Amino acid sequence: VRYLADSYFNKLFDDYFKDGIIQRRTVNVIYGTSKQGSKVYLKLQNKIYEGDVIDNKFEIYLPPMEAGGGYSMTVYNGQYKASTTIFIGDVFICSGQSNMEWTNNQCRGSENTRNAIETANSEFIRLLKVPLKGSDEPLEKHIGEIKWEKSYPFSVGNFSCAGYQF
């Protein structure tokens, strides 16, 4: 969990945006908590967006954007800030079926999979694997380590086979 003085940025937000990807051509919502009555600002592609803090929570709505990056993104509350690099592109959510958990390494028997692993070489194809966490209530804070992995022969074996080769 990363605290930014009076601002807290959801763990998923914090790790998600570290060399992460947001969906192109749609509104993206950045959210977190901060001191009541303050404002939170986000700078991306030389434009500044802002969100009011209501009930200690803020949301910043980013307009639809075309694919590109890496772009510097800075979030600040007027006193403290955090910066990272993000990309804008297509985000696929691979979930709901147990076969989405099967990795390329587990499917190495297929010639297509072996070839996919050997030829993987793209910093623009990435995987964000979120650990399973059961709860009867919606979770505001994600617990567990998450990070974006770039697609290279040494890393793509851990990618979802169905998701990667879709």
Side-chain angles (χ1 to χ4, degrees), residues 1-4 7-34 39-51 57-77 80-97 100-105 107 112-113 115-133 139-166:
V1 175
R2 181 162 122 188
Y3 288 88
L4 191 57
S7 296
Y8 162 75
F9 299 105
N10 181 294
K11 175 79 173 148
L12 183 60
F13 166 89
D14 186 35
D15 290 338
Y16 182 90
F17 287 110
K18 185 190 287 182
D19 291 325
I21 301 171
I22 59 175
Q23 181 62 43
R24 69 184 175 122
R25 297 182 182 166
T26 192
V27 173
N28 286 278
V29 182
I30 311 302
Y31 63 94
T33 63
S34 192
K39 284 191 179 287
V40 176
Y41 303 90
L42 183 146
K43 183 176 180 181
L44 177 63
Q45 292 182 295
N46 296 316
K47 294 181 183 167
I48 296 177
Y49 306 92
E50 64 180 64
K57 297 179 180 181
F58 71 87
E59 293 181 340
I60 298 175
Y61 292 82
L62 300 177
M65 295 177 253
E66 291 301 317
Y71 300 116
S72 174
M73 181 174 78
T74 303
V75 180
Y76 57 103
N77 66 0
Y80 302 96
K81 66 181 179 178
S83 296
T84 191
T85 300
I86 67 159
F87 294 83
I88 301 168
D90 290 318
V91 176
F92 292 89
I93 298 175
C94 302
S95 176
Q97 296 291 322
M100 287 297 173
E101 298 258 344
W102 279 69
T103 66
N104 282 318
N105 282 336
C107 300
N112 287 344
T113 301
N115 185 50
I117 292 171
E118 292 169 6
T119 60
N121 190 21
S122 176
E123 67 175 290
F124 299 111
I125 298 175
R126 298 176 183 208
L127 171 74
L128 177 73
K129 186 170 184 175
V130 179
L132 298 175
K133 174 74 175 160
L139 298 175
E140 287 194 27
K141 298 178 183 176
H142 176 70
I143 299 172
E145 182 179 338
I146 58 174
K147 69 175 186 170
W148 285 97
E149 290 185 64
K150 298 175 185 175
S151 171
Y152 295 117
F154 60 85
S155 62
V156 77
N158 295 321
F159 284 38
S160 162
C161 185
Y164 186 77
Q165 296 188 49
F166 170 68

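Everything quoted here is computed from the prediction, not taken from an experiment.
Summarising the geometry, atom CZ belonging to Arg126 is positioned 5.5 Å from atom CG belonging to Asp19; distances are rounded to the nearest 0.5 Å. Separating the CG atom in Asn158 from the CG atom in Leu127 is a distance of 8.5 Å, to the nearest 0.5 Å. With rounding to the nearest 0.5 angstrom, the CG atom of Leu44 is 9.0 Å from the NZ atom of Lys47. Taking NZ from Lys129 and CD from Glu149, the interatomic distance works out to 9.0 Å, rounded to the nearest 0.5 Å. Going from atom NZ of Lys43 over to atom OG of Ser72 covers 7.5 Å, rounded to the nearest 0.5 Å. Distance check: Leu128 CG to Phe92 CZ gives 15.0 Å after rounding to the nearest 0.5 Å.
For Tyr152, the ring-ring contact (aromatic ring centres under 6.0 Å, His included) criterion is met by Phe154, not counting sequence neighbours. With sequence neighbours excluded, the residues that form a ring-ring contact (aromatic ring centres under 6.0 Å, His included) with Phe124 are Phe87. Partners of Ile93 by side-chain contact (heavy atoms from CB on, under 4.5 Å), not counting sequence neighbours, listed by chain and number: Ser95. Residues satisfying the side-chain hydrogen bond (donor to acceptor under 3.5 Å, both in side chains) test with Arg24, not counting sequence neighbours, are Asp90.
In this structure the side chain of Val40 reaches within 4.5 angstrom of the side chain of Ser34, judged on heavy atoms. Counting only heavy atoms from C-beta outward, the side chains of Ile117 and Asn105 approach each other to under 4.5 Å. Looking at Val27 and Pro63, their side chains never come closer than 4.5 Å, going by heavy atoms from C-beta outward.
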May I have the step-by-step check of side chain to side chain contact (heavy atoms under 4.5 Å, CB included) for Leu42 and Met73, ending in yes or no? CA-CA 7 Å; Leu42 183 146; Met73 181 174 78; 3.8 Å; yes
Would Glu123 and Ser151 count as a side-chain hydrogen bond (donor to acceptor under 3.5 Å, both in side chains) here? Give the steps. CA-CA 6 Å; Glu123 67 175 290; Ser151 171; over 6 Å; no
Ile125 vs Tyr164, test: side chain to side chain contact (heavy atoms under 4.5 Å, CB included). Steps then yes/no. CA-CA 9 Å; Ile125 298 175; Tyr164 186 77; 3.8 Å; yes
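No hydrogens or angles considered: nothing links the side chains of Ser160 and Glu101 as a donor-acceptor pair under 3.5 Å.
Panel note: side chain Thr85, backbone Tyr71; no donor-acceptor pair is recorded below 3.5 Å. In this structure a side-chain-to-backbone donor-acceptor pair under 3.5 Å is present from Asn104 to Val156.
Under the side chain to side chain contact (heavy atoms under 4.5 Å, CB included) rule, Ile22 has a single partner from Val91, Val29, Ile86, which is Ile86. Checked options Tyr49, Phe58, Tyr76; the residue passing with Tyr41 is Tyr76 (criterion: ring pair (Phe, Tyr, Trp, His ring centres under 6.0 Å)).
Screening residues 152-166 for salt bridge (charged side-chain N to carboxylate O under 4.0 Å, His left out) gives no qualifying pairs among residues at least two apart or on separate chains. Pairs of residues two or more places apart, or lying in two chains, that qualify as salt bridge (charged side-chain N to carboxylate O under 4.0 Å, His left out) and include a residue from residues 66-77 are Arg25-Glu66.
When all heavy atoms of Ile60 and Gly51 are compared, the closest pair comes out as CG1-N, 3.7 Å. For Trp148 against Ile21, the heavy-atom pair with the smallest separation is CZ2-N, 3.5 Å. For the residue pair Cys94 and Gly163, the shortest heavy atom distance occurs at SG-CA, 3.6 Å.
Atom CG of Asn115 sits in a crowded spot, with more than 12 heavy atoms from other residues, nucleotides or ligands closer than 6.0 Å. Remark: Lys150 NZ is packed, more than 12 non-hydrogen atoms of other residues, nucleotides or ligands lying under 6.0 Å away.
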